[in-house]
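In each ligand, atom 1 is the first atom listed, and ligand 1 is the first ligand listed.
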Amino acid sequence: MTSFLSHRLFILYLNIFTTLLASSSAIFWENIFDTTMKRMAKTSHLHFYYHDIPSGKNPTAVKIISGNELSFGATYMIDDALTEGPDHSSKLVGRAQGMYSIASQHDISLLMIVNFVFTDGKYNGSSLSMIGSNHVSENVREMPIIGGSGLFRLAKGFALAHTIWFDQTNRNDTAEYNVTVKHF
Ligand SMILES: *[C@@H]1O[C@H](CO)[C@@H](O)[C@H](O)[C@H]1NC(C)=O
Ligand SMILES: *[C@@H]1O[C@H](CO)[C@@H](O)[C@H](O)[C@H]1NC(C)=O
Ligand SMILES: *[C@@H]1O[C@H](CO)[C@@H](O)[C@H](O)[C@H]1NC(C)=O
C-alpha cells in the first residue's frame, strides 16, 4: 500500500515536473544559458564610489543645458571618477561617462544616463549602461542597469546608490554604488 502510494505520488510529481519544464524550459534556459554566447549566466557584484565635481578648476560635471528658472531641464555632461574607496584619491577603477538632467518639477529627481567605463583589473575595457531615476534626497536610490559590453555582454541588473558626502557650497559629492548584474 505505502509503496503503491509513493509510486503514484512519484508519477504525479514526475508529470507536474515535466509539464512545468516543458512550459518554462525555453525561458528557463534562456535565463541561464545564452545560445549566441554559448555561455552560462553569472551574477557579479561591483562596489565603487562615484565622485561628481561640478565646480572648481577641473570640474568633472559640466552644465550643457540651463533649464528653466526652477532648474527643471538643467543638464550636465559628466566624466566622473569611479574609485575603489570612498576617498577621492583612492584607486581609480573607471569613469562614469554620460549625463544627468533635472527631470522633476516638484523635487530633485535626476534622469541618469550613464556608462560605467571600467579601466582596472579584469573589468578593464568592459562597461555597464545605466538609465534611471535618481531621487537624490532618498537615502538609497535604485537604478536599472540595462546592458553592458566586454565581460558584461547582455548584462541586466540594478544599481543601488547612496550619497556619503555632499558639499552644500560647491555641490561636489560622493556616492557609494553597489551594482548587481547578471551577464554571460
Ligand atoms: C570641490 O569643489 C571645490 C571648489 O569648487 C574645488 O576646488 C575642489 O577641488 C573640489 N573637489 C573636491 C574633491 O572637493
Ligand atoms: C587597461 O587596458 C588598457 C588597454 O588594453 C591598457 O593600456 C591599460 O594599461 C590597462 N589598465 C590597467 C590599469 O590595467
Ligand atoms: C553596499 O554593500 C555594502 C556591503 O554589503 C553595504 O555595507 C552598503 O551599505 C551597501 N550600500 C548601498 C548603497 O547599497
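Distance check on atom 11 (N) of ligand 2: some protein heavy atom falls below the 4.0 Å cut-off. Shown here, atom 14 (O) of ligand 1 is in close reach of the protein: a heavy atom of it lies under 4.0 Å off. The protein reaches atom 2 (O) of ligand 2 closely, with a heavy atom under 4.0 angstrom from it.
Here the NZ atom belonging to Lys182 is positioned 12.0 Å from the NZ atom belonging to Lys42, to the nearest 0.5 angstrom. Once rounded to the nearest 0.5 Å, the distance linking CZ of Arg153 with CG of Asp34 reads 10.5 Å. Annotation: the span from Ile108 atom CD1 to Ser71 atom OG amounts to 8.0 Å, rounded to 0.5 Å.
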Using side-chain hydrogen bond (donor to acceptor under 3.5 Å, both in side chains), reason through Glu176 and His47 one step at a time and then give a plain yes or no.
CA-CA 8 Å; Glu176 178 189 30; His47 180 247; 2.7 Å; yes

Test side-chain hydrogen bond (donor to acceptor under 3.5 Å, both in side chains) applied to Ser101 and Thr75, step by step:
CA-CA 4 Å; Ser101 304; Thr75 300; 2.9 Å; yes

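Closest to atom 8 (C) of ligand 1 among all protein heavy atoms lies Asn172 ND2, 3.8 Å. With hydrogens left out, the protein atom closest to atom 7 (O) of ligand 3 is Glu176 OE2, 4.9 Å, a heavy atom. Nearest protein heavy-atom contact of atom 4 (C) of ligand 2 is Asn124 ND2, 4.7 Å.
Atom numbering of ligand 2 starts at 1 in the shown order; those under 4.0 Å from a heavy atom of Asp120 are 13 (C). The distance from ligand 3 to the heavy atoms of Leu160 drops below 4.0 Å at these ligand atoms: 13 (C), 14 (O). Taking every non-hydrogen atom of Thr119 and a distance limit under 4.0 Å, the qualifying atoms of ligand 2 come out as 11 (N), 12 (C), 13 (C). Ligand 3 places these atoms under 4.0 Å from at least one heavy atom of His162: 13 (C).
A salt bridge links Arg95 with Asp79: the closest approach of a Lys/Arg side-chain nitrogen to an acidic carboxylate oxygen falls below 4.0 angstrom.
Backbone and side-chain nitrogen or oxygen atoms of Gly56 are examined, and one is located within less than 3.5 angstrom of a nitrogen or oxygen of ligand 1. At under 3.5 Å, a nitrogen or oxygen of Ser55, whether backbone or side chain, sits near a nitrogen or oxygen of ligand 1. Taking only nitrogen or oxygen atoms, main chain and side chain alike, Trp165 does not reach within less than 3.5 Å of ligand 1. By the 3.5 Å distance cut-off applied to N or O atoms, Asn178 is counted among the residues near ligand 3.
Screening Asp87, Thr60, Thr83, Asp80 for a side chain to side chain donor-acceptor pair (under 3.5 Å) involving His51 leaves a single residue, Thr83.
The two residues Ala74 and Lys63 make their nearest non-hydrogen contact at CB-CE, 4.1 Å.
For Phe33 and Phe184, the gap between ring centers reaches or exceeds 6.0 Å.
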